[in-house]
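None of these values were measured; they are calculated from a predicted model.
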Amino acid sequence: MIDAKRYEDDTNIAVGTRLVEFAALLPQRGEFYPGHPLGCHRRRIPDRVVFEHLVDALVHGSGFERIATAGCSDSTIRRRFKAWAGAGIAEQVHAVAQAAYDQIMGLRLGDIHADGCITKAPCGGDKAGPSPVDRRKGGLKRSVATDGAGIPLGIVAAGANRHDSPLLAPTLAAATTQVGPHWPDHVTVHLDAGYDSGVTRTLIEGLDLHSEIARKGIPAPIQVGMRWVCERV
């Protein structure tokens with residue numbers, strides 16, 4: 001039987017430890033905004049406040065304008081987000097959050113699921129490409145690998161006009177980079193019919209992994225498998 005009080009205490013300790021690790025990733029800055037002519041009178045919004053707004057945006061899927069509050073404007077969120085992304089902090093935050101989840105809940109690495117989806121890219125970017133489902137407007141193909149419960153392990157972005165299959169290798173490589181040397185001995189990769197090819201099977205065998213790939217031409221209800229945890233991400 002699980003001791004609820006002990007579980008809560010262990011969870012709080014783990015979360016607190018990861019928050020300290022996240023704070024250590026950020027550059028040290030003064031209390032006041034450095035661009036002010038007098039060097040004072042304008043306090044800088046704490047990183048913790050901005051980070052909480054970013055989490056709200058991710059959870060609700062809303063734009064920064066909807067998440068902004070009187071204490072943190074959307075322009076502040078954008079500036080801080082760009083600064084953190086430019087410093088490569090996003091990958092480190094992902095690793096910290098993943099380690100915390102693994103410590104509290106435990107990653108299910110025996111089954112790995114991968115799939116791709118198309119998202120909009122109205123601001124363009126070096127990885128954006130013409131979207132085949134949005135009148136060739138700018139879009140991204142986001143290839144994601146998850147564990148057995150749907151927790152993202154590795155993410156790769158490419159142009160919206162890219163096929164899912166060629167992105168599988170870099171997606172699995174990104175997942176391996178995030179997970180590190182903690183893979184179990186037996187790992188099965190679950191894929192939909194878009195990956196049904198000899199190239200994909202050769203790739204998975206070369207990585208010493210097992211595969212469960214849906215066959216082309218067979219209706220989905222007959223071979224649903226376990227892919228739904230990735231398709232909902």
Colleague: Around atom CZ of Arg201, are there more than 12 heavy atoms from other residues, nucleotides or ligands closer than 6.0 Å?
Modeller: yes
Colleague: Under the rule for side chain to side chain donor-acceptor pair (under 3.5 Å), what residues qualify as partners of Thr119, not counting sequence neighbours?
Modeller: none
Colleague: Could you list the donor-acceptor pairs under 3.5 angstrom formed between side-chain atoms of residues 166-179 and any protein atom two or more places apart in sequence or on another chain?
Modeller:
| unit_1 | atom_1 | unit_2 | atom_2 | d |
| --- | --- | --- | --- | --- |
| Thr171 | OG1 | Ser143 | OG | 2.6 |
| Thr171 | OG1 | Leu167 | O | 2.6 |
| Thr176 | OG1 | Leu172 | O | 2.9 |
| Thr177 | OG1 | Ala173 | O | 3.0 |
| Gln178 | NE2 | His94 | ND1 | 2.6 |

Colleague: Roughly how far apart are Ile204 CD1 and Glu212 CD, rounded to 0.5 Å?
Modeller: 11.0 Å
Colleague: Should we say atom CZ of Phe81 is surrounded by more than 12 heavy atoms from elsewhere, each under 6.0 Å from it?
Modeller: no
Colleague: Any chance you could measure Ile213, atom CD1, to Leu191, atom CG, to the nearest 0.5 Å?
Modeller: 5.0 Å
Colleague: Linking Ile, Leu, Val, Met, Phe, Trp and Tyr through side-chain heavy atoms less than 4.5 Å apart, which residues share a cluster with Ile67?
Modeller: none
Colleague: Salt bridge check, Asp147 against Arg108: does any charged N sit closer than 4.0 Å to a carboxylate O?
Modeller: no
Colleague: Atom CG in Leu109, atom CG in Leu153: separation rounded to 0.5 Å?
Modeller: 6.5 Å
Colleague: How does the hydrophobic cluster around Val199 look, that is, which other residues are in it when side-chain heavy atoms under 4.5 Å mark a link?
Modeller: none
Colleague: For His113, what residues pass the ring-ring contact (aromatic ring centres under 6.0 Å, His included) criterion, not counting sequence neighbours?
Modeller: His190
Colleague: For Asp74, which residues count as a side chain to side chain donor-acceptor pair (under 3.5 Å) partner, sequence neighbours excluded?
Modeller: Arg78
Colleague: Could you work out, with ring-ring contact (aromatic ring centres under 6.0 Å, His included) as the rule, every residue matching His186, not counting sequence neighbours?
Modeller: His210
Colleague: Any ring-ring contact (aromatic ring centres under 6.0 Å, His included) pairs touching residues 142-163, not counting sequence neighbours?
Modeller: none
Colleague: Would you please name every residue forming a side chain to side chain donor-acceptor pair (under 3.5 Å) with Glu205, sequence neighbours left out?
Modeller: none
Colleague: Asp164: what forms a side chain to side chain donor-acceptor pair (under 3.5 Å) with it, not counting sequence neighbours?
Modeller: Lys141
Colleague: Please identify each residue that fulfils salt bridge (charged side-chain N to carboxylate O under 4.0 Å, His left out) with Lys120, with sequence neighbours left out.
Modeller: Asp134
Colleague: Which pairs, with at least one residue in residues 131-156 and sequence neighbours excluded, count as a ring-ring contact (aromatic ring centres under 6.0 Å, His included)?
Modeller: none
